[in-house]
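In this text, all values refer to a predicted model and were calculated from it rather than measured experimentally. Throughout, a chain's letter reflects where its sequence line sits, starting with A, and its residues are numbered from 1.
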Amino acid sequence: MRKPIQFIIILLKHALTGSRMYFAWISFLALVFAIGVCAYVVQYRNGLVVTNMTDQVSWGAYIANFTFLVGLAAAGVMVVIPAYLYKNKPLKKVVWIGEFLAIAAVLMCIMFVTVDLGHADRMWHLIPFIGKLNWPMSILSWDIIVLSGYLVINVFLITYAMYSKYHGGHPRKGLYVPIVFISMFWAVSIHTVTAFLYDWLGARPFWNSALVPPRFLASAFVAGPAFLVLSLQIIDKNSGFSVPKEAINNLRRIMAVMMVVNLFFFSSEIFTELYTGSGHAASAIYLLGGLEGRHLLVPYIWSAVALNIFAAFVFSIPKFALNRTLLNVACVAAFIGVWIEKGMGLVIPGFIPSPLGEMAEYQPSVIEGLVSAGIWAFGILAFTLSVKVGAEIERGSLHAEGVVSDLDEYATDDEPHSSPPVAHDVAATPQIAIAQSAEVSS
Amino acid sequence: MVRPYGRAAHLILLLGFALSLSACRRVEAEALPRQAANDPPDFVVVSRTAEIPTYPCTERCHSRRAPNPEPRELTAYHTRVQLRHGPDPHFCDFCHVLEHPETLHRVDGETFGFDQAHRLCGQCHGDKLRDWMSGIHGLQTGTWNGVVTRRVCTACHNPHAPDPIHLESLPPPQRPRTELGSPVDEPSSGEQNDAEVSP
Amino acid sequence: MSCCDQKNGCGEKHHLPVLEVEAEPEPELSGIEVEGMERLQSTRRDFLRQVGVAAGVTAAASATGCSSTTWEEYFHQHYKRLSDEDKAHLFALLEQRTHEKYGVEVHIRDPQPIEGVEFAYALNLSICTGCRQCEYACAKENNTSLDPEMHYIRVLELDKGTMDVDRSNHFYEGEVPKPDKYYMPVQCHHCANPPCVDACPVQATWREPDGIVVVDYDWCIGCRYCEAACPYWARRFNWAEPSIRPSDINPEQGYLSNRIRPKGVMEKCTFCLHRTRVGRNPACLEACPVGARKFGDLNNPNSEIRRIIATKRVYILKEELGTLPRFFYFFG
């Protein structure tokens with residue numbers, strides 16, 4: 001028992017030591033989180049009246065963020081599936097980052113749902129037998145089960161892998177790999193169940209569409225890799241863990257396909273809603289052009305579409321994609337675009353107009369903004385701390401006493417042994433050639 | 001399945017109610033020719049005559065004055081009575097027995113008091129009478145599973161000028177707090193929605 | 001005196017309501033409600049003030065013993081798992097709390113469903129004038145919050161020729177009925193296939209044997225999924241601590257119906273089960289000055305409801321959703 005406890009203590013120590021910039025970063029995140037906590041205390045005491053949610057628009061920023069983050073959590077598999085199913089070596093090297101992202105995202109999801117509850121102190125009512133979980137009828141009960149399960153699976157996988165690595169070994173394949181495969185299907189299921197939360201509601205014709213789950217998955221598989229591409233570059237530069245360039249390119253290719261698919265789904269929804277011209281399209285009309293003089297969301301959705309189209313172009317055209325700066329800009333654009341499309345562009349318009357035809361708009365209040373920022377800060381903080389430690393373990397610099405550092409067991413599978421770069425790749429990004437030679441010489 | 005209520009049952013009911021509730025003078029509902037699907041539940045009718053201050057008409061005034069059957073505008077008494085009932089409202093004697101106006105009469109000669117005004121109204125408004133007897137039309141209070149209390153037609157409808165009922169509505173519901181000060185505060189009309197929804 | 005001022009609506013002494021309506025006076029609230037009533041303005045100054053107040057109040061509350069609520073109050077089980085003894089104890093506790101907070105003696109009862117009865121409601125759209133008497137009588141009967149205002153009934157004004165509620169006007173004023181409009185009050189329809197019951201993750205809402213869909217206010221976690229699921233916009237959430245004038249409190253209360261609810265939970269029309277399960281009519285029915293509302297037992301072939309369904313052209317809202325509501329509209 002001593003070894004695991006020692007392991008955790010050492011992890012904490014290493015998580016909290018680092019460069020000045022690292023400290024500034026985690027202090028900033030901790031501060032934002034603290035402000036979020038204070039804002040939540042205000043909300044807890046006064047009730048949800050401090051948000052801008054009303055009986056007409058009864059879900060807002062919290063559930064919008066939750067919906068987006070479930071997608072981000074599911075997108076952890078975007079590194080796992082190619083790594084284990086297709087034996088993609090560059091992506092296998094960064095699976096651990098995807099898992100940390102998944103864990104941080106699921107934690108954020110749970111926090112967002114908790115702050116949205118009118119009676120968070122009654123959460124024990126959700127526990128089967130002690131409480132009264134409405135399984136299997138309530139889709140929300142399914143969502144709770146799959147999200148908790150996903151958290152458990154990913155915590156197990158990454159802890160087991162890191163612990164083994166720390167002690168100079170490998171996780172037992174017979175135990176590890178089957179659970180990895182389970183996590184692939186489980187990840188798809190968390191986002192599908194979250195989509196099912198919306199799409200069975202006959203009361204909300206805007207959501208009552210079979211295309212909602214595919215849209216969710218497609219947009220999740222853009223936002224997740226976009227975040228990963230940006231994080232991978234930061235990790236590569238700052239942590240001493242070298243990220244294979246092919247990993248980023250593979251993720252980019254996934255995003256290229258998924259963004260186009262996402263845009264196709266979106267246009268399919270628009271056409272179907274608008275061409276029939278039935279009253280059921282009221283929410284879509286409100287979102288896209290405004291209804292009865294109310295048009296709060298119109299600029300947002302069209303900005304999201306513009307950002308998504310821009311990102312689709314950059315991802316799809318190799319000349320642009322291999323320009324690292326342009327790629328990063330496109331990743332940010334895709335992330336924001338998907339956030340708007342899923343959060344403001346899906347959750348909010350479902351409530352407008354109300355089932356009795358009443359128009360009431362919504363934008364988040366200050367308290368909602370602060371609590372949301374606090375939760376995001378927590379998630380990014382968790383991600384930062386875990387990745388900092390994970391990088392050290394993965395690159396072999398953090399290991400138990402007496403363990404000979406394996407130093408990048410994947411080093412032998414790196415670029416020099418992969419297919420030679422295509423000519424135009426080399427021309428566009430000379431850094432790859434330099435990096436390869438550096439790796440070979442080490 | 002439909003239980004016919006005979007006069008005896010009604011009498012027992014009346015006695016029971018007379019004992020328990022003495023506030024209103026109640027009049028038992030007249031048994032009308034049955035229509036099988038619409039047997040009325042047990043009900044009592046709140047007395048209408050108790051609400052008319054000048055009742056009974058003959059005792060108060062009409063023993064001293066013989067009413068004038070000439071159709072004309074009334075200027076001396078009953079000046080508030082305006083006849084606006086149907087295309088040709090005729091005159092008082094169309095409904096009231098002129099010698100003792102607290103008695104109403106039907107075209108078939110039957111007479112009864114104000115508390116059974118439904119029998120008169122039902123001459124022309126048969127479907128409403130049928131609904132009233134079934135409990136579908138008109139205000140009912142009391143219980144849903146026992147005896148209900150109803151009102152005679154004339155309690156709500158002015159028999160001389162039965163204009164549609166207009167009321168002052170109570171205040172509209174509060175706008176959602178996020179809508180206060182919204183640029184479009186006026187409620188929409190159907191036509192506006194029409195223009196926006198159809199392509 | 002208008003009908004709303006009477007506790008039981010118009011009761012038996014019915015007369016056409018007075019045409020003038022007195023303006024609603026400003027609510028006077030006891031000091032206890034002030035804390036729950038603070039509305040945040042979106043300025044930084046107010047936010048900081050709130051934080052300070054929150055911290056201070058928390059300290060004060062724990063110091064003054066406001067947190068002396070019992071384990072039972074917070075952790076008692078779901079209504080369906082309570083024994084009769086538990087219930088008696090719990091009701092006494094809730095009555096005591098209400099007395100402490102508002103200074104009013106209330107009686108919380110738990111009338112059971114009458115065997116063999118299934119309730120239904122019918123509303124005569126030809127007669128409804130849109131006067132909203134039912135809306136306000138319901139609020140009074142059910143001890144709903146004054147600010148934020150909570151009404152279970154919403155009266156829709158529709159143009160003749162349309163049944164599309166998306167084209168309705170909720171905010172009409174003045175004399176009614178207006179020319180070429182008709183009026184449709186909407187409240188919980190107590191559906192036989194309720195989407196809200198399927199949605200609730202903790203089974204805090206369910207359909208009773210007599211058809212009434214109820215909410216266990218002490219079990220609800222306030223996730224508002226049921227509110228999203230209801231096609232008739234019938235469910236309401238307590239965004240803040242409800243504010244009620246002590247003089248307005250209806251002391252005859254039911255555990256599952258009109259007892260005073262805490263903040264953060266859902267509530268809605270309960271067909272006044274504290275009245276209807278003992279044979280009385282719902283408050284909205286008694287308040288209607290023109291008799292547009294009819295209520296009764298679907299299983300009794302002699303009831304008005306059955307007669308209406310047999311002889312009138314009844315329809316239900318949003319039938320295509322398959323909710324099987326027990327609220328029928330007809331033109332009579």
(message) Looking at chain C, which one of A/Asn52, A/Val113, A/Leu201, A/Leu117 has the largest number of heavy-atom pairs inside 4.5 Å, strictly under?
(response) A/Leu117

(request) State whether the side chain of A/Ser283 and the backbone N or O of A/Pro349 hold a donor-acceptor pair below 3.5 Å, judged by distance alone. (result) yes

(message) Under 3.5 Å, is there a donor on one side chain and an acceptor on the other for A/Thr194 and A/Asp143?
(response) yes

(message) With a 4.5 angstrom heavy-atom cut-off, is it the side chain or the backbone of A/Phe351 that approaches chain C, or both, or neither?
(response) side chain

(request) Over 60° means perpendicular and under 30° means parallel, so classify the ring planes of A/Tyr198 and A/Trp207, tilted if in between. (result) perpendicular

(request) Select, from A/Met359, A/Met123, A/Gln56, A/His125, the one with the greatest count of heavy-atom pairs under 4.5 Å involving chain C. (result) A/His125

(message) When you measure from the centre of the six-membered ring of C/Tyr172, is the NZ or CZ of C/Lys181 closer than 6.0 Å and no more than 45° off the axis?
(response) no

(request) Between chain C and each of A/Ile127, A/Ile130, A/Asn208, count heavy-atom pairs under 4.5 Å; write down the option with the most. (result) A/Ile130

(message) Quick one about C/Trp206 and C/Asp216 (side-chain donor to acceptor, distance below 3.5 Å, no hydrogens or angles considered), yes or no?
(response) no

(request) Check for a donor-acceptor pair, side chain of C/Tyr152 on one end and backbone N or O of C/Glu267 on the other, with a separation under 3.5 Å. (result) no

(request) Heavy-atom distances under 4.5 Å only: say whether C/Tyr232 touches chain A with side chain, backbone, both or neither. (result) backbone

(request) Could you tell me which portion of C/Val202 (side chain, backbone, both or neither) has an atom closer than 4.5 angstrom to a non-hydrogen atom of chain A? (result) both

(request) Could you tell me which of C/Arg81, C/Glu320, C/Arg154 has the largest number of non-hydrogen atom pairs under 4.5 Å with chain A? (result) C/Arg81

(message) Testing the 3.5 Å rule here: is there a donor-acceptor pair between the side chains of C/His190 and C/Arg207?
(response) no

(request) Check the side chains of C/Asp86 and C/Ser83 for a donor-acceptor pair under 3.5 angstrom, ignoring hydrogens and angles. (result) yes

(message) Below 4.5 Å, heavy-atom pairs only: which of C/Pro231, C/Pro201, C/Cys200 has the largest tally toward chain A?
(response) C/Pro201

(request) Give the member of C/Arg235, C/Gln77, C/Met266 that has the highest number of heavy-atom pairs under 4.5 Å with chain A. (result) C/Gln77

(request) Verify the ring-centre separation between C/His170 and C/Trp233: is it less than 6.0 angstrom? (result) no

(request) Sort out for me which of C/Arg224, C/Lys263, C/Glu227, C/Arg236 touches chain A most, counting heavy-atom pairs under 4.5 Å. (result) C/Arg224

(request) Check each atom of C/Cys223 against the heavy atoms of chain A and say whether the ones under 4.5 Å are side chain, backbone, both or neither. (result) both

(request) Heavy-atom pairs under 4.5 Å with chain C are the metric here; pick the option from A/Thr51, A/Leu48, A/Ile139 that has the most. (result) A/Leu48

(message) With chain C as the partner, which of A/Ser365, A/Pro355, A/Gly47, A/Ala120 has the greatest number of non-hydrogen pairs under 4.5 Å?
(response) A/Pro355

(request) Against chain A, label C/Asn238 side chain, backbone, both or neither, depending on which of its atoms sit under 4.5 Å from a heavy atom there. (result) neither

(message) For chain A, which candidate among C/Asp198, C/Leu321, C/Leu317, C/Ile221 shows the most heavy-atom pairs at distances under 4.5 Å?
(response) C/Ile221

(request) Would you check if the distance from the ring center of A/Trp200 to the ring center of A/Trp142 is below 6.0 Å? (result) no

